[in-house]
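Here's the structure, in structure tokens; my notes come after.
Here the structure is a predicted model, which is why all the values come from computation and not from measurement. Here is the naming used below: chain letters follow the sequence lines, and residue numbers restart at 1 for every chain.
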Protein chains: 2
Amino acid sequence: MTTRLQVTTPTSQYPVYIGAGLLARAGALVREAGVEEGARALVVTDDHIRPLGYADEVARHLTAAGIPAAVTSVPPGDGSKSLAMAERLYREMLSAGVRRNGLVVAVGGGVVGDLAGFAAATYQRGIRFVQVPTTLLAHDSSIGGKVGVNLAEAKNLVGAFHHPLLVLYDVETLASLPPREWRGGMAEVIKHGIIGEPDLFAALEASPYAEYPGPAAAERLTASACQVKIHVVEQDERESELRMTLNLGHTIGHAVEHASGYRLNHGEAVAIGMCLEADLAVRLGWLAAAERDRIVEVVRRHGLPVTPPPDMPFEPVWAALQLDKKHTQGGLTFALPRAVGEVAVARGVRPEDVTRVWREMEERRR
Amino acid sequence: MTTRLQVTTPTSQYPVYIGAGLLARAGALVREAGVEEGARALVVTDDHIRPLGYADEVARHLTAAGIPAAVTSVPPGDGSKSLAMAERLYREMLSAGVRRNGLVVAVGGGVVGDLAGFAAATYQRGIRFVQVPTTLLAHDSSIGGKVGVNLAEAKNLVGAFHHPLLVLYDVETLASLPPREWRGGMAEVIKHGIIGEPDLFAALEASPYAEYPGPAAAERLTASACQVKIHVVEQDERESELRMTLNLGHTIGHAVEHASGYRLNHGEAVAIGMCLEADLAVRLGWLAAAERDRIVEVVRRHGLPVTPPPDMPFEPVWAALQLDKKHTQGGLTFALPRAVGEVAVARGVRPEDVTRVWREMEERRR
């Protein structure tokens, strides 16, 4: 079985295929999406994922479908989201004979998707681009068209909005995820449940997915989470108000991730962020305490942390929070839950409320 | 007096102001275009143009209008169209406090516009961008949204379509152009006459502009040439068929420019390209010989070369021609005149016709 979702924005329209065995259909689906025979492709993956064979399988099926495809691999990790690495990809596209009618295929997680998508967005003023996410976390980043690289001074400072031609999400690739990475991805699934799918959230309460549940359940789970992201992106392509709700858990999450020196993975940091931001929402009178408790409990039952590591002081978290681009002189800005299934943007939040929430968390933990 | 033209494409709409004294109106016009008070700007120019004071004047007027503006300058010449230089601009935008509501202002010629435009297109996924051309050649490149940088291996390989918020063309800046640069710019004006303004072309026949003619005449001249470019861009934003007519003179022109080791400037190379492509059009039965003679005569009367330097052999020109991206296996592709005022795309042109045109030019010159 395959789920086919559709993304429709003012500037773009594309399908998201979710299911088992999709890697083998890459050639046919890319041709169906309008890429002509003889166009050339560069498949980009990373050195951790390359040995699993996914990128080479995609390249083989593209080539068999009349789209000669080369494969390249970048070092794993956020360090590969750089202009220097984008430059390497431009050169490899040139060597692979990729022209304006060609395409870039990203096989991997968010780093590979962001980097390869940026290279596609800027090569010859923009060529087509296919996302083949192979992590649970990437169900989120592969949809919505945000691509980019970092400068040493600032993450994602350089980038573009460049929607993929299609997204191929072969859920069988998720079976090979290390358990900690699966759980990290679940943090974004939980987030999407809180933002816009109370049924998904209720399913997670009833029967948590602390590990890979097999292809059929993984397909349902990811399709449901993707649908929330699609809905938001369709309403608000360029990140104004609504798209900011996707920041749930991320404002405190990014600060905690940074303060941990990236020992916490992104999903773990977002999990902590969601719990603390739920506390903040209770404090501001936005959220009932019982709803907050449901959120914390679901996070916990998926094997994710609900508080920061005990040795993490507040000061570096606070310093990192100050840098958030959303904040204005009138106070801090957060995406906060009003209920499970409803998130809104809170502006002008007073610093002392954030401090208090952190201190109370420390009290409780004692 | 100021001329106000309007560009309307499917994705963008912006004014092109042409006239004297526009630098002093930069602040007011940028505010009028919707940039809010407190937004920050980076003004980019080059080391040749900086001492003329244009960039600093623009920055002063922006700052006075409530848009604090910093100025930066890059080395002159095509070498500055690089990813490394874009990276330098990102850092400077960051230091200048440019945020998503901020803008980049390009003050200079095509290199500055392409580089600064690319940086604007990719900084924080795209911020606003103002073109302030100060060369005659840049009347062409400042309109249409093509921005980008070079790789060592290929010019303009990396780029984006990113339309400016507005174009401010202060014709008084043209008074300071060295005569050879003015004449080079006239090649593109002549080209626009041939493509779509027979009245402009007739005016150039009647009274050539081999040097800067004062602000009022410069305004009429550039407005008329800009209007041709605008018309084409409006019909064909993303360079399919119609936009290719803008390549008139450029297919042979680029090859000759390259073969000269860039001793010919761009306009001179395009002038030679227009004359040889007119010969080719006559040979193919597209153009009456009398029309070709009109074109060659106008080029000559503007102090531009009508044939390549006598010491230029055909072989490197031919080698450079082969690299043109427009060509297919079925033959060469040129934008060729059918008459003064009408240009179309010729496909499948046989290599021997191009060779013959070159050899006949050599015969005539002997």
* To do: Decide side chain to side chain contact (heavy atoms under 4.5 Å, CB included) for A/Tyr123 and B/Leu157; before the verdict, give the C-alpha distance in whole Å, the side-chain angles of both, and the deciding distance to 0.1 Å.
  => CA-CA 6 Å; A/Tyr123 183 78; B/Leu157 188 80; 3.7 Å; yes
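Chosen from B/Leu151, B/Val158, B/Val149, the residue pairing most often with chain A at heavy-atom distances under 4.5 Å is B/Val158. Contact count versus chain A (heavy atoms, under 4.5 Å) is highest, among B/His162, B/Glu87, B/Arg99, B/Arg91, for B/Arg91.
Heavy atoms closer than 4.5 Å to chain B are found in the backbone of A/Val147, but not in its side chain. Contact annotation for A/Ala121: only backbone heavy atoms (N, CA, C, O) come within less than 4.5 Å of a heavy atom of chain B. At a 4.5 Å heavy-atom cutoff, the contact between A/Leu94 and chain B is made by side-chain atoms alone.
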